[in-house]
Amino acid sequence: MVKVTFPDGSVKEFEQGISAIEIAKSISPRLAKEVLACSINNEVKDLTTTITEDCTFKLHKWEDAEAKHTFWHSSAHLMAEALQALYPGIKFGIGPAIESGFYYDVDMPEGKVITDSDLVKVENKMREIASAKSEIVREDISKADALSLFESKDEVYKIELINELEDGTITLYKQGAFVDLCKGPHLPDVGGIKAIKLLSIAGAYWRGDEKRKQLTRIYGITFPKKKMLDEYLELLEEAKKRDHRKIGKELELFTFSQSVGQGLPLWLPKGAALRERLENFLKKVQKAYGYDQVITPHIGQKELWVTSGHYAKYGQDSFQPIHTPAEGEEYLLKPMNCPHHCEIYKFKPRSYKDLPVRLAEFGTVYRYEQSGELHGLTRVRSFTQDDAHIYCRPDQLKDEFMKVMDIILYIFKTLDFQNFETQISLRDPNNKEKYIGSDENWEKAEAAIVESCKEKGIEATVELGEAAFYGPKLDFMVKDALGRRWQLGTIQVDYNLPERFELEYIGSDDQRHRPVMIHRAPFGSMERFVAVLIEHTAGKFPLWLTPQQVVVLPISERFNEYAEKVSKVLNNSDIRAEIDDRNEKIGRKIRDNEVKHVPFMLIVGEQEAENESVSVRRQGEGDKGVMSVNDFISFINNEVKKELE
RNA sequence: GCCGACGUAGCUCAGUGGUAGAGCGCAUCCUUGGUAAGGAUGAGGUCACGAGUUCAACUCUCGUCGUUGGCUCCA
């Protein structure tokens, strides 16, 4: 007999060699039907796994991530079987489950191409195979046998994978006519895969290496029930409605022009107004934290980036130098603001008493991003960083680092970004020559970040090898409408630029010392931030960010004069008011949500004109009653204040 | 940059080897006194650009540019 401990702590005894699915059946037949995977000693396993010794045990239903993962992994195998049937000679790469669904990388037979229109055919084949409910069988195999099996099929990618595996750890999973190298776990059979949707086709380099062959990646998602698939597809549709590119166009916030160039956003008046408000908000916060605004040019001599080390690393893949009539003179569009700020730091001798120096600038930078990588406002070639560089003494580093975290957390809270993730990026310990700077400095900087997070109670994931080449960093990531992660706020510690630019301060010992530098951008860039803000709010910005706040509507021409008076008073406060001509069908647009940036409508007529008041309506909330114009101003200010708190 | 898809009126899209349509928007006029409105009429497009096949190309082929789903990249 074996003792099996369940998640609630209870222990039951079973015959040795009982399978997980049999345990589920012993609890209830319905559970056995719904269960998809199990964890034995906290390791996810097949339901067909037999239990030979005492263990902890948990069954996973669809709700558990482990179950979804298993379900989608088996779905990838099902798709592979269908592809094999439809395209003989197809070769397989890898086919894992992902956050939502799964993919399989395949190498199509010579001369064959798969396109979107073929996906339905593959789906149908998958359904056909699934309905046969063939079992998925696991098999342990020796390395030699595995090699000869896949060599006989000329599966070059699988062979490459097997060669990297240890003998004795290799397993196969078979279902129907398909066999795959796979460590599992999988469903007991493919019959449960009922609702199938293949989503898209993409190219993907074998093993993520752009020098190697590009395989065809097919993405799909499956569910145990059709209703769940329908709900998921509807969710995708809803997310598309929040796409910042769509809303940005509708609300006339920004646009792109082929004539201006790829990835070069043009901010329209309303978008510029929104951006200006965000900038002013941040400026105010930064002022309170002791930052000084500076302004620097968009170009600088090439030597500036040779000194910083950026030219050596990125020069070839950037906008190329600007030449002047002078022989040999070269300027670069600035890809970052750091060197300019370093020169500001150097403009006069600094005392230890002056530190920290905090130089802030909404600095527009230019980076020649790969064309395929451009995406709406989230990835562009010209963007404005809410940049600042902090120069401080080593003993001030942690304190300054934490103050920056405070700013970022305050901003995220004010804008109601709750689901952000934080990531600490450290260097790859096995590849230290990729980075510039001494070991000692790197270790100090990395420790400062890890400790700061700990003290702020922030649970950050740690990624090795993700650091910038000059220092470690802490990033704040937010997901867009479709669940893609974008990095917004960033804080980076840098011991290298102060070295390269020979920055100094005079210490209390009357000796020269090297300051530490922190790069930081709470929004990241105005472009990306606005994009993510649009998707989070679905275009319904907080009142204090709204480009236009009020429409004044006279109920007949007779009251135009009074409407003008009202809007004048409002415009003298910081509320923006527009008079609505009655022929403009703005009312219907607001009602139908076609216009999202006019949260208030003021109706003025005889009564209002007589007692100098306005009738107030708030979008989505209806009548707010009649009030004097001054009361309305303080009403809005109160609402704004509430949102800012 | 690479693989796939897409590019028709300001927007969202339909359409066909014989030189184009809808809805919304826009313009003009009418109507509307408590209203997040109604009606009529009208103006908009060398069907992204260039070449080729064809008697004839928006439609087929190739190329370019741009957008887009991914991959790689992201100072």
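Excluded from the calculations below are hydrogen atoms, water molecules and symmetry mates; all remaining heavy atoms, backbone and side chain alike, are included. Letters A, B, ... mirror the listed sequences (proteins, then strands); counts begin at 1.
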Give me the distance, rounded to whole Å, that separates [N] from [M] when you measure between the [atom1] atoms they each carry.
N      : M      : atom1 : value
B:rG38 : B:rC71 : P     : 46 Å
B:rU12 : B:rG25 : P     : 15 Å
B:rC13 : B:rA20 : C1'   : 14 Å
B:rC58 : B:rG21 : C1'   : 13 Å
B:rA22 : B:rU16 : C1'   : 16 Å
B:rA48 : B:rG66 : C1'   : 8 Å
B:rC3  : B:rC73 : C1'   : 16 Å

**Study point:** Side-chain ion pair, A:K565 and A:E561, N-O less than 4.0 Å
**Key:**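 Salt bridge between A:K565 and A:E561, a charged N being under 4.0 Å from a carboxylate O: no.
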
Please work out if [X] contacts a base, only the sugar-phosphate, or nothing of the nucleic acid, heavy-atom cut-off 4.0 Å.
X      : value
A:R528 : nothing
A:S308 : nothing
A:G208 : sugar-phosphate
A:Q262 : sugar-phosphate
A:F256 : nothing
A:G376 : sugar-phosphate
A:F559 : base
A:Q385 : nothing
A:L374 : sugar-phosphate
A:S200 : sugar-phosphate
A:R217 : sugar-phosphate

Find the partner of [N]: check Watson-Crick (N1-N3 plus N6-O4 or O6-N4) and G-U wobble (N1-O2, O6-N3) distances, both under 3.5 Å, and reply none if neither fits.
N      : answer
B:rG23 : B:rC11
B:rA56 : none
B:rG4  : B:rU68
B:rG44 : none

Practice item. Please evaluate the base of B:rG10 for a donor-acceptor partner in the side chain of A:E252 within a cut-off of under 3.5 Å? Key: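 No such pair is found, so the answer is no.
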
Review point. If you take atom types as modelled and just measure distance, does the side chain of A:S615 reach the base of B:rG34 with a donor-acceptor pair under 3.5 Å?
Key: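 Yes, a donor-acceptor pair under 3.5 Å.
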
Exercise for review: Determine the sole option in A:Q262, A:H375, A:R381, A:R379 for which the side chain to side chain donor-acceptor pair (under 3.5 Å) test with A:E369 is passed.
Suggested key: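 The option that passes is A:R379.
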
Nearest listed nucleotide, side chain of [X], among [options]:
X      : options                : answer
A:T115 : B:rA5, B:rG34, B:rG1   : B:rA5
A:R558 : B:rG69, B:rG33, B:rA75 : B:rG33
A:Q258 : B:rC71, B:rG66, B:rG33 : B:rG66

Review point. So, do A:Y314 and B:rA75 meet the stacking rule of ring centres under 5.5 Å and planes under 30°?
Key: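 Base of B:rA75: stacked against A:Y314.
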
Review point. Has A:R212 got its NZ or CZ under 6.0 Å from the middle of the six-membered ring of A:Y205, at an angle within 45 degrees of the ring axis?
Key: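 Geometry flag: not set, cation outside 6.0 Å or 45°.
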
**Study point:** Charged tip of A:K302 within 45° of A:Y311 ring normal and under 6.0 Å
**Key:**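 Yes, a cation-pi geometry.
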
Review point. Where does B:rG44 land, syn or anti, once you apply the within-90°-of-0 test for syn?
Key: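 In terms of base orientation relative to the sugar, B:rG44 is syn.
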
Practice item. Please work out whether the ring planes of A:Y470 and A:H310 are parallel, tilted or perpendicular, with thresholds of 30° and 60°. Key: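 The arrangement is perpendicular - the two ring planes meet at more than 60°.
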
Practice item. For the pair A:Y391 and A:H389, name the ring-plane relationship: parallel under 30°, tilted 30 to 60°, perpendicular over 60°. Key: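 Tilted.
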
Would you mind reading off the distance between [X] atom [atom1] and [N] atom [atom2], rounded to a whole angstrom?
X      : N      : atom1 : atom2 : value
A:K211 : B:rC71 : NZ    : P     : 18 Å
A:I201 : B:rG69 : CD1   : C1'   : 10 Å
A:R379 : B:rC73 : CZ    : P     : 11 Å

Check your understanding: Do A:K197 and A:L233 have side-chain heavy atoms sitting under 4.5 Å apart?
Key ->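 Yes. Closest side-chain heavy atoms under 4.5 Å.
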
